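Comments concern the structure below.
The shown structure was predicted, so the numbers you read here are calculated from the model rather than taken from an experiment.
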Amino acid sequence: MCTQAGSQASTPPAHHPSGSGASVGPSFRPAVCQLPAAGGRAPGNDLLRRGSAVGGVWMEALAPGRAPRGRRRAGASGSVLSPLSLAAVLLCALLRAPPAVGHLARLPRSIHLTQDSLKIVGSTHFPVSVYVMLHQKSPHVLCVTQRLRNTELVDPSFQWHGPKGKLVSENTTAQVTSTGSLIFQSFEETMSGVYTCFLEYKPTVEESIKNLQLKYIVYAYREPRFYYQFTARYHAAPCNSIYNISFEKKLLQILSKLVLDLSCEISLIKSECHRVKMQRAGLQNELFFTFSVASIDTEKGSKPCTDHSCEASKRLSKAKNLIERFFIQQVEVLGKRAEPLPEIYYIEGTLQMVWVNRCFPGYGINVLKHPKCPECCVVCSPGSFNPRDGTHCLQCNNSLVYGAKTCM
């Protein structure tokens with residue numbers, strides 16, 4: 001079963017971090033799951049060690065004429081199916097599968113908002129970080145400190161300056177209210193940077209004017225793009241056999257069809273054949289098959305979807321469950337066979353899953369630099385860049401802009 005510290009299965013709402021100390025959920029941590037074998041049996045490395053009551057499903061009866069290692073049932077004879085016939089058998093078996101139970105979906109958890117997190121105050125000691133989701137409205141950035149927030153200010157005067165100069169109240173993207181609050185209506189990546197508020201006020205009518213300067217660093221951020229990475233092991237033909245290559249292609253096709261209607265895609269990460277020495281079975285050939293399942297934008301798919309169930313996290317969770325069921329069914333179908341084991345079959349209990357985060361180019365996750373937005377893909381600051389779908393911004397002294405995708 002899945003083991004992960006302090007996590008709950010939940011559907012991720014949108015992130016709403018702030019610079020005012022909003023409470024933050026735990027940051028993403030990969031969750032590696034050892035998926036259970038069918039029927040509650042303890043996982044093993046090779047079905048050949050279990051006598052005639054074996055589990056695991058063959059994908060293709062490969063290499064005709066070769067007798068697979070293992071025990072044959074009394075009176076059983078080998079059989080060979082074509083790849084197309086085999087695909088049909090496996091898909092039909094999967095459609096008859098019972099609902100998946102007991103698997104914990106690892107989904108990101110958002111930052112919990114407090115009422116004060118929608119209004120951010122400044123500090124005279126250090127710049128305050130503000131995080132605004134790309135293309136969304138920002139919290140209210142106040143031109144006061146926490147001490148002055150509930151204090152009477154006589155004849156206050158507010159003036160804001162941003163990366164491109166003085167901000168005026170008529171600005172369509174960055175509005176300055178009559179009380180000095182700064183609000184971004186639709187935040188863009190290029191709007192990230194240092195914003196400074198100059199405050200003039202009198203504590204009382206009789207006192208002289210006081211001046212205050214407050215600095216904020218405003219960052220654009222995006223939610224991470226995430227995917228599941230699976231690894232499964234198969235008993236294989238000799239490592240130089242063309243049957244292994246044919247099997248890999250067929251397995252990839254079947255998995256892709258499983259998640260097609262969920263607007264998810266399967267990508268092969270790597271497939272390697274190794275000779276493994278077993279304690280009692282000697283040397284055997286095994287395929288280590290690693291692939292990922294990721295959601296694709298529904299707007300780009302052939303079936304545009306706007307329903308709540310079309311959220312990327314929900315579709316990806318359903319795809320994960322289908323894949324788990326598929327491998328469980330491989331175990332169950334082979335367990336009901338009267339024929340001998342084929343040469344290539346799934347090794348029961350070897351399916352593993354890990355949660356992977358990735359950010360868009362120009363964005364990265366940095367818990368130390370952005371402790372109040374630990375799960376966010378925050379725009380890369382000057383002096384750093386992210387050229388591809390990596391998780392972190394890389395150092396680059398030549399980068400002078402926010403959101404750099406190249407080091408120039």
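Looking at K336 and E332, no side-chain N of the basic residue comes within less than 4.0 Å of a carboxylate O on the acidic one, giving no salt bridge.
For the residue pair P387 and L394, the shortest heavy atom distance occurs at CD-CD1, 4.2 Å. Closest heavy-atom contact between L214 and C143: CD1-C, 3.7 Å. Between E343 and P238, the shortest heavy-atom contact is OE2-CD, 3.7 Å. Contact record, V379 with Y402: CG2-C, 3.8 Å, taken as the closest heavy-atom pair. Taking all atoms of both residues into account, the shortest heavy-atom contact from A319 to V293 is CB-CG2, 3.9 Å. Shown here for R149 and V144, the closest heavy-atom pair between the two residues is CA-CG2, 4.1 Å.
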Show the numbers, then the answer: is there a side-chain hydrogen bond (donor to acceptor under 3.5 Å, both in side chains) between Y131 and H370?
CA-CA 9 Å; Y131 302 94; H370 305 292; 2.8 Å; yes
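Applying side-chain hydrogen bond (donor to acceptor under 3.5 Å, both in side chains) to Y363 and the options R225, H392, E189 leaves one that passes, E189.
Checked against side-chain contact (heavy atoms from CB on, under 4.5 Å), F291 has the following partners two or more places apart in sequence or in another chain: F230, L255, I266, F289, I323, F327. Remark: Y195 engages F184 in a ring pair (Phe, Tyr, Trp, His ring centres under 6.0 Å) (not counting sequence neighbours).
In this structure, the side chains of T173 and E188 stay at 4.5 Å or more apart for every pair of heavy atoms. Here the side chains of K320 and L316 are not in contact, with every heavy-atom distance at 4.5 Å or above. Between L351 and Y346 there is a side-chain heavy-atom pair separated by less than 4.5 Å.
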